[in-house]
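Notes follow once the structure below has been shown.
Letters A, B, ... are given to chains in the order of the sequence lines, protein chains preceding strands, and every chain is numbered from 1. No experiment lies behind these values; they were computed from the predicted model shown.
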2 protein chains.
Amino acid sequence: MRADAVKNRAHLLAVARPAVAAHGIDVSMRDVARRANVGLATLLRHFPTREALLEALLHESFEALTARAKGLTTSRASAEALVTWVSECVAWTTEYRGVTELMAAAIDDTDSALHTSCVTLRAAGAGLLTRAQEAKAARPDIDGDDLFALIAMLAWAGDQPALASRANRLLDVVARSLLTERDAPTSRAT
Amino acid sequence: MRADAVKNRAHLLAVARPAVAAHGIDVSMRDVARRANVGLATLLRHFPTREALLEALLHESFEALTARAKGLTTSRASAEALVTWVSECVAWTTEYRGVTELMAAAIDDTDSALHTSCVTLRAAGAGLLTRAQEAKAARPDIDGDDLFALIAMLAWAGDQPALASRANRLLDVVARSLLTERDAPTSRAT
DNA sequence: ACCTGAACACCGTTCAAGT
DNA sequence: ACCTGAACACCGTTCAAGT
């Protein structure tokens with residue numbers, strides 16, 4: 001990559017991050033290009049789709065959440081680790097309004113730039129879930145796909161202004177059903 | 001209303017219904033007008049917003065679901081009635097892809113054409129919930145707003161192609177947490 | 001009263017032309 | 001290699017002009 005292209009790319013990401021934070025992931029691509037004092041076509045050249053731009057912005061977060069799952073595996077009891085991780089995933093998505101929709105679409109779309117990140121994230125959750133199930137701490141009849149869906153649902157609710165105030169209770173409802181009775185911590189147990 | 005206006009309105013609704021069913025609630029208003037062989041401005045004159053059009057299309061369904069809640073109150077055990085109604089609400093929204101987003105926005109927006117319908121629906125659910133709670137069949141620490149949020153979350157998941165196959169299990173997860181242990185029916189109990 | 005075409009300010013896609 | 005303006009086909013909003 002040419003030196004000016006490297007610089008352009010970095011500049012675009014620096015501009016896109018606050019724009020996405022302010023307007024959600026539906027922010028106008030044209031607007032991002034404008035803020036970067038660059039032609040729209042230049043933005044599209046670096047990031048041919050919205051997903052590609054998002055992937056570049058979110059890659060580190062995805063990796064951090066995956067690493068966090070591994071860390072929780074060794075540091076916490078299985079039920080607590082699972083709920084903590086779910087809660088952190090949900091909390092993270094609220095930084096990027098609308099990203100849940102994109103993730104739900106990407107998980108089944110091999111062509112999406114977000115596909116690999118989403119699959120990796122789901123696998124990390126599945127690991128925590130399996131561990132909890134082996135310890136008889138989580139209900140055995142759900143799998144990593146269900147867990148991913150539940151996280152997405154909670155994240156979606158957190159994105160809706162009318163529902164966001166209920167986020168903690170909704171997490172608690174899901175968590176209680178996820179865990180078997182005897183080990184069920186409430187969402188305030190940390 | 002003038003005779004030609006009445007006819008236009010009915011024709012627009014007849015055309016809009018299959019269009020929404022096919023393309024979801026994000027269907028282009030221009031496209032609906034085109035299919036009706038009418039100017040876009042004419043469509044907007046009858047239904048100044050997308051919400052107004054949707055309200056006209058969905059009004060009967062909202063009323064039916066509200067009536068259904070009342071019917072279940074007298075015909076079923078409180079826990080079963082609650083879960084059945086939740087399940088029927090979720091199933092209904094799948095006919096109108098994307099309507100959940102609109103409902104979540106409308107519930108807190110007094111100006112939305114869908115506001116009243118959503119509030120009424122929420123109240124109907126709250127009634128079923130209260131009855132179940134009084135029978136000690138549902139957990140006491142949630143309210144009608146939480147229930148509305150949970151229904152919306154399940155409906156949203158049903159709208160996502162990648163998550164839809166999990167719909168039954170997700171309903172079961174929510175239902176189990178909603179109900180107290182001893183009375184908890186699985187989602188297949190009917 | 002009701003309808004309509006047209007102007008407007010947007011959007012993302014595409015590509016020929018520049019450096 | 002990389003950038004860019006412009007043309008394109010869309011969108012919903014608004015309104016003056018028609019019947």
Side-chain angles (χ1 to χ4, degrees), chain A residues 1-57 96-99 101-102 105-106 109 111-114, chain B residues 1-57 96-99 101-102 105-106 109 111-114:
Chain A
M1 196 154 53
R2 231 166 55 180
D4 55 340
V6 174
K7 196 182 155 196
N8 256 338
R9 194 191 138 91
H11 182 52
L12 283 167
L13 284 175
V15 166
R17 198 175 294 277
V20 168
H23 301 287
I25 58 101
D26 286 330
V27 63
S28 152
M29 295 292 272
R30 226 184 194 98
D31 197 44
V32 171
R34 254 193 306 258
R35 287 168 196 244
N37 281 112
V38 137
L40 170 62
T42 303
L43 173 60
L44 275 310
R45 159 164 258 279
H46 284 281
F47 307 105
T49 63
R50 189 179 296 278
E51 282 80 8
L53 175 60
L54 264 293
E55 207 283 326
L57 286 175
Y96 300 91
R97 216 172 340 126
V99 75
E101 305 261 359
L102 242 40
D109 176 9
D111 295 336
S112 167
L114 287 166
Chain B
M1 196 152 53
R2 230 168 53 182
D4 55 342
V6 173
K7 197 181 153 197
N8 256 338
R9 194 191 139 92
H11 182 52
L12 283 168
L13 284 175
V15 166
R17 199 175 293 277
V20 168
H23 301 287
I25 58 101
D26 286 329
V27 63
S28 153
M29 295 292 272
R30 226 183 194 101
D31 196 44
V32 172
R34 254 193 306 258
R35 287 168 195 244
N37 281 112
V38 138
L40 170 61
T42 303
L43 172 60
L44 275 312
R45 161 164 256 278
H46 284 280
F47 308 103
T49 62
R50 187 179 298 278
E51 282 80 7
L53 175 59
L54 264 293
E55 207 283 326
L57 286 175
Y96 300 91
R97 215 174 339 126
V99 75
E101 304 262 0
L102 242 40
D109 177 10
D111 295 334
S112 168
L114 287 166

Leu44(A) CG to dT4(D) P, straight-line distance once rounded to whole Å: 13 Å
Nucleotide nearest Arg2(B) (side chain, heavy atoms from C-beta), chosen from dG12(D), dA1(C), dT13(C): dA1(C)
Pairing of Arg34(B) and Asp31(B) as salt bridge, 4.0 angstrom limit: yes
Side-chain heavy atoms of Met29(B) within contact of Leu53(B), under 4.5 Å: yes
Non-hydrogen atoms of Arg35(A) and Val15(A) that approach each other most closely: CB-CG1, 3.4 Å
side-chain N/O His46(A) vs dC3(D) OP1/OP2, d < 4.0 Å: yes
Nucleotide forming a Watson-Crick or wobble pair with dC2(D), both distances under 3.5 Å: dG18(C)
Nearest-nucleotide pick for Ala41(A), side chain only, options being dC15(D), dC15(C), dG12(C): dC15(C)
Under-4.0 Å side-chain N/O to phosphate OP1/OP2 contact, Asn8(B) with dC3(C): yes
Nucleotide dC2(C), atom P - distance to CG of Leu12(B) in whole Å: 14 Å
Separation of dC10(C) C1' from Asp26(A) CG (nearest whole Å): 15 Å
dC10(C) OP1/OP2 closer than 4.0 Å to side-chain N/O of Arg30(A): no
Arg45(B) CZ to dC15(D) C1', straight-line distance once rounded to whole Å: 12 Å
Verdict with reasoning, Thr42(B) to His46(B), per side chain to side chain contact (heavy atoms under 4.5 Å, CB included): CA-CA 7 Å; Thr42(B) 303; His46(B) 284 280; 4.1 Å; yes
Worked verdict on Val32(A) versus Leu40(A) for side chain to side chain contact (heavy atoms under 4.5 Å, CB included): CA-CA 8 Å; Val32(A) 171; Leu40(A) 170 62; over 6 Å; no
Between P of dA1(D) and CZ of Arg9(A), the distance in whole Å: 18 Å
Earlier contact from the 5' end, DNA chain C, for Leu40(B) and Ala5(B): Ala5(B)
Distance, rounded to the nearest Å, where Leu43(A) contributes CG and dT4(D) contributes P: 11 Å
Watson-Crick or G-U wobble partner of dC10(C), both distances under 3.5 Å: none
Whole-Å gap separating P (dG12(C)) and CD1 (Ile25(A)): 11 Å
Interatomic distance, Arg34(B) CZ vs dC10(D) C1' [rounded to whole Å]: 9 Å
Under-4.0 Å side-chain N/O to phosphate OP1/OP2 contact, Ser28(A) with dG12(C): yes
